[in-house]
Number of protein chains: 2
Amino acid sequence: MTQIITEIRSIVENPKLVHKRRRQITETATKLFATKGFHSTTIRDIADTAKVSIGLIYQYVEDKDDLLFLALAEAINSYSREIPKALDGITDPLERFRACFTAYCIVMNKNHSAAVLGYRESKSLSPERLKIIKMGELETNKILEETIADCVKAGVFKDLDVNLFNYTCICLAHSWPLSAWRLSPQRSIEEYIDGLLDILLPSALASPANEAGQQKTTA
Amino acid sequence: MTQIITEIRSIVENPKLVHKRRRQITETATKLFATKGFHSTTIRDIADTAKVSIGLIYQYVEDKDDLLFLALAEAINSYSREIPKALDGITDPLERFRACFTAYCIVMNKNHSAAVLGYRESKSLSPERLKIIKMGELETNKILEETIADCVKAGVFKDLDVNLFNYTCICLAHSWPLSAWRLSPQRSIEEYIDGLLDILLPSALASPANEAGQQKTTA
DNA sequence: TGATTATGAACGAACGATCATTCATAATCC
DNA sequence: GGATTATGAATGATCGTTCGTTCATAATCA
């Protein structure tokens with residue numbers, strides 16, 4: 001879908017190479033930023049871990065801030081690439097919502113480091129870049145919001161506050177990488193998703209008779 | 001309730017003075033850490049903002065890390081002081097849950113900076129101190145969990161997964177300072193709480209007939 | 001009581017370590 | 001062989017921390 005375009009100065013011209021190197025560097029940076037924090041991660045750390053020299057990094061980005069921006073932008077881009085895929089071929093509104101929420105949680109689980117980064121280090125971005133990242137986030141949120149709105153239109157959901165309901169779903173999906181340590185006993189991501197849907201759906205479904213938890217109607 | 005004891009070296013001996021000065025310094029530090037981040041906030045910043053000298057700070061704490069720990073510990077201590085107050089005199093289980101959840105959200109709203117800090121900067125703590133803070137957090141979570149367990153015992157709630165339900169409540173309460181920017185239009189904290197209870201309660205209540213939203217039975 | 005001495009809180013310039021960034025040089029590719 | 005890409009030692013700025021000093025107040029003395 002709508003991808004964040006990252007216009008960042010590179011000394012190296014070859015686009016293939018730029019793409020490859022940036023990927024290599026950004027992936028490492030993302031992991032290190034998420035585990036040690038942005039400021040405690042040194043360029044040396046990144047260079048060593050990515051098996052490149054310090055100087056090489058500065059051939060592909062202008063400064064350390066660029067790396068943070070690249071990391072966050074790439075995370076959001078991957079969300080808006082992957083989540084819609086999960087909806088392919090599904091037409092039943094309720095199933096689309098379930099699939100979308102599930103995909104959202106799974107993506108958060110897979111891009112664990114990036115999700116944590118978003119919460120922890122957005123503050124270190126420049127105001128303009130923060131705005132870009134937030135807009136990308138909202139763009140991603142809209143994918144799920146649409147499936148909710150469709151459920152309302154189809155009469156599957158009652159006439160609820162779509163924005164707030166979507167917000168709770170998003171927050172809970174984000175919570176998995178951030179707050180799962182609070183849960184005891186530990187749960188698998190699948191158990192977690194099922195449990196959340198059991199909590200979320202009853203308030204939304206139009207007919208309270210429907211038992212949300214077990215239902216798995218495929219279109 | 002259970003307070004986190006913070007044993008931190010102080011050159012100054014007078015306990016009254018230590019308390020007063022630490023409060024003055026920690027309050028400033030909390031705000032700056034939350035707005036600029038721990039690493040981007042300099043001791044100079046804190047000294048200037050708190051209208052004390054750099055040297056004075058080092059009379060009351062050993063190093064910058066102490067300030068972060070003090071800030072987080074004080075936040076958690078204030079939660080476990082304030083939340084139980086909201087339950088005083090309420091006996092009806094459902095009302096106790098509502099009051100506790102509301103208090104939780106309100107406290108997060110009031111201690112906005114500290115709540116943000118907890119998510120953003122815990123990583124900068126030493127492992128031992130992180131453990132202390134997390135234990136304090138879980139301790140606080142238990143206050144709400146107990147009101148949920150009581151609702152189950154009283155038959156007001158069905159036999160749900162208490163730990164998971166509590167987790168969702170906590171996450172959503174925490175989300176207010178972190179994620180409210182996603183909501184449009186903006187809502188007041190009271191509208192937010194009411195909206196969340198409408199979403200959370202239907203899955204929990206034993207009799208689906210009860211409309212959770214409006215209900216305001218006082219004991 | 002007034003003069004003298006002791007205390008410890010407060011100050012902030014100076015130090016030293018860390019770390020992002022640069023750049024002269026080497027390696028590699030076409 | 002010339003252009004492009006990679007290297008990492010050297011640089012300089014930033015920032016936590018120290019420590020010699022000041023100063024107000026309290027304690028002691030005569």
Side-chain angles (χ1 to χ4, degrees), chain A residues 8-33 35-71 117 121 123-126 129, chain B residues 8-33 35-71 117 121 123-126 129:
Chain A
I8 284 174
R9 187 231 65 185
S10 166
I11 303 284
V12 176
E13 311 237 292
N14 180 343
K16 285 262 175 194
L17 188 55
V18 172
H19 188 259
K20 184 190 117 188
R21 287 298 199 191
R22 283 219 176 130
R23 179 184 207 72
Q24 177 186 13
I25 298 165
T26 307
E27 268 175 11
T28 307
T30 303
K31 267 177 221 143
L32 289 175
F33 288 165
T35 43
K36 310 179 52 169
F38 176 67
H39 290 280
S40 305
T41 302
T42 67
I43 296 289
R44 227 180 216 81
D45 283 339
I46 299 173
D48 291 351
T49 311
K51 310 258 192 229
V52 297
S53 65
I54 293 174
L56 182 136
I57 293 177
Y58 284 91
Q59 304 263 355
Y60 295 92
V61 298
E62 204 154 353
D63 53 31
K64 197 185 173 190
D65 288 349
D66 280 353
L67 289 178
L68 180 59
F69 182 56
L70 277 175
L117 247 201
E121 306 290 358
K123 187 130 291 168
S124 308
L125 289 172
S126 71
R129 287 184 161 181
Chain B
I8 283 175
R9 186 232 66 187
S10 167
I11 304 283
V12 176
E13 312 238 292
N14 180 344
K16 286 262 179 204
L17 188 55
V18 172
H19 188 260
K20 184 189 117 187
R21 286 299 199 190
R22 286 220 175 128
R23 177 183 208 73
Q24 178 187 13
I25 298 165
T26 306
E27 269 175 11
T28 307
T30 302
K31 268 178 222 143
L32 289 176
F33 288 164
T35 43
K36 311 180 50 166
F38 176 66
H39 290 281
S40 305
T41 302
T42 67
I43 296 288
R44 267 177 195 79
D45 283 340
I46 299 172
D48 290 352
T49 312
K51 311 255 191 232
V52 298
S53 67
I54 294 173
L56 180 135
I57 294 177
Y58 284 91
Q59 303 261 350
Y60 295 93
V61 298
E62 203 155 353
D63 52 32
K64 198 185 172 190
D65 289 347
D66 280 353
L67 289 179
L68 181 59
F69 182 57
L70 277 175
L117 247 202
E121 306 290 358
K123 186 129 295 169
S124 308
L125 288 172
S126 71
R129 284 182 164 182

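Sequence lines set the chain letters: A, B, ... in the order given, protein chains first and strands last, and positions in each chain run from 1. Since this is a predicted model, take the numbers as computed values, not measurements.
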base_contact_polar (dA10(C) base, Q59(B) side chain, donor-acceptor, <3.5 Å): yes

Expressed in angstrom and rounded to an integer, what is the separation of [X] atom [atom1] from [N] atom [atom2]?
| X | N | atom1 | atom2 | result |
| --- | --- | --- | --- | --- |
| L32(B) | dC15(D) | CG | P | 14 Å |
| F33(B) | dG16(D) | CZ | C1' | 12 Å |
| F38(B) | dT14(D) | CZ | C1' | 16 Å |
| I11(B) | dC11(C) | CD1 | C1' | 15 Å |
| D63(A) | dA20(C) | CG | P | 11 Å |
| I57(A) | dA9(D) | CD1 | P | 15 Å |

Residue met sooner reading DNA chain D from 5', once K51(A) and R44(A) are mapped to nucleotides: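 Nearer the 5' end of the strand: K51(A).
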
Closest nucleotide among dG16(D), dC11(C), dA6(D) to the I43(B) side chain: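 Closest of the options to the side chain of I43(B): dG16(D).
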
Nucleotide nearest N14(A) (side chain, heavy atoms from C-beta), chosen from dT5(D), dC19(C), dT21(C): dT5(D)

With a 4.0 Å limit, can you tell me whether [X] has a side-chain N or O closer than that to the phosphate oxygens OP1/OP2 of [N]?
| X | N | result |
| --- | --- | --- |
| S53(A) | dT7(D) | yes |
| R21(A) | dA6(D) | yes |
| Y60(B) | dA9(C) | no |

Cationic tip of K64(B) above F38(B) ring, under 6.0 Å, 45° of axis: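 The answer is yes; both the distance and angle limits are met.
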
Presence of salt bridge, D66(B) and R129(B), under 4.0 angstrom: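 Result for this pair is yes, salt bridge flagged.
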
Sidechain-backbone polar pair: T28(A) side chain, T49(A) backbone, donor-acceptor under 3.5 Å: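 No, because the side chain of T28(A) does not come within donor-acceptor range (under 3.5 Å) of the backbone of T49(A).
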
Sugar-phosphate, base or nothing in reach of T41(B), heavy atoms under 4.0 Å: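 Sugar-phosphate contact only - T41(B) comes under 4.0 Å of backbone atoms but never of a base.
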
Which residue lies more 5' along DNA chain C, comparing I54(B) with Y58(A) via nearest heavy atoms: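 Closest to the 5' end, via its nearest nucleotide, is I54(B).
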
Check: I54(B) and R44(B) side chains under 4.5 Å, non-hydrogen atoms: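 In contact.
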
Sequence neighbours excluded, every pair satisfying ring pair (Phe, Tyr, Trp, His ring centres under 6.0 Å) that has a member inside residues 40-62 of chain B: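 Qualifying pairs: none.
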
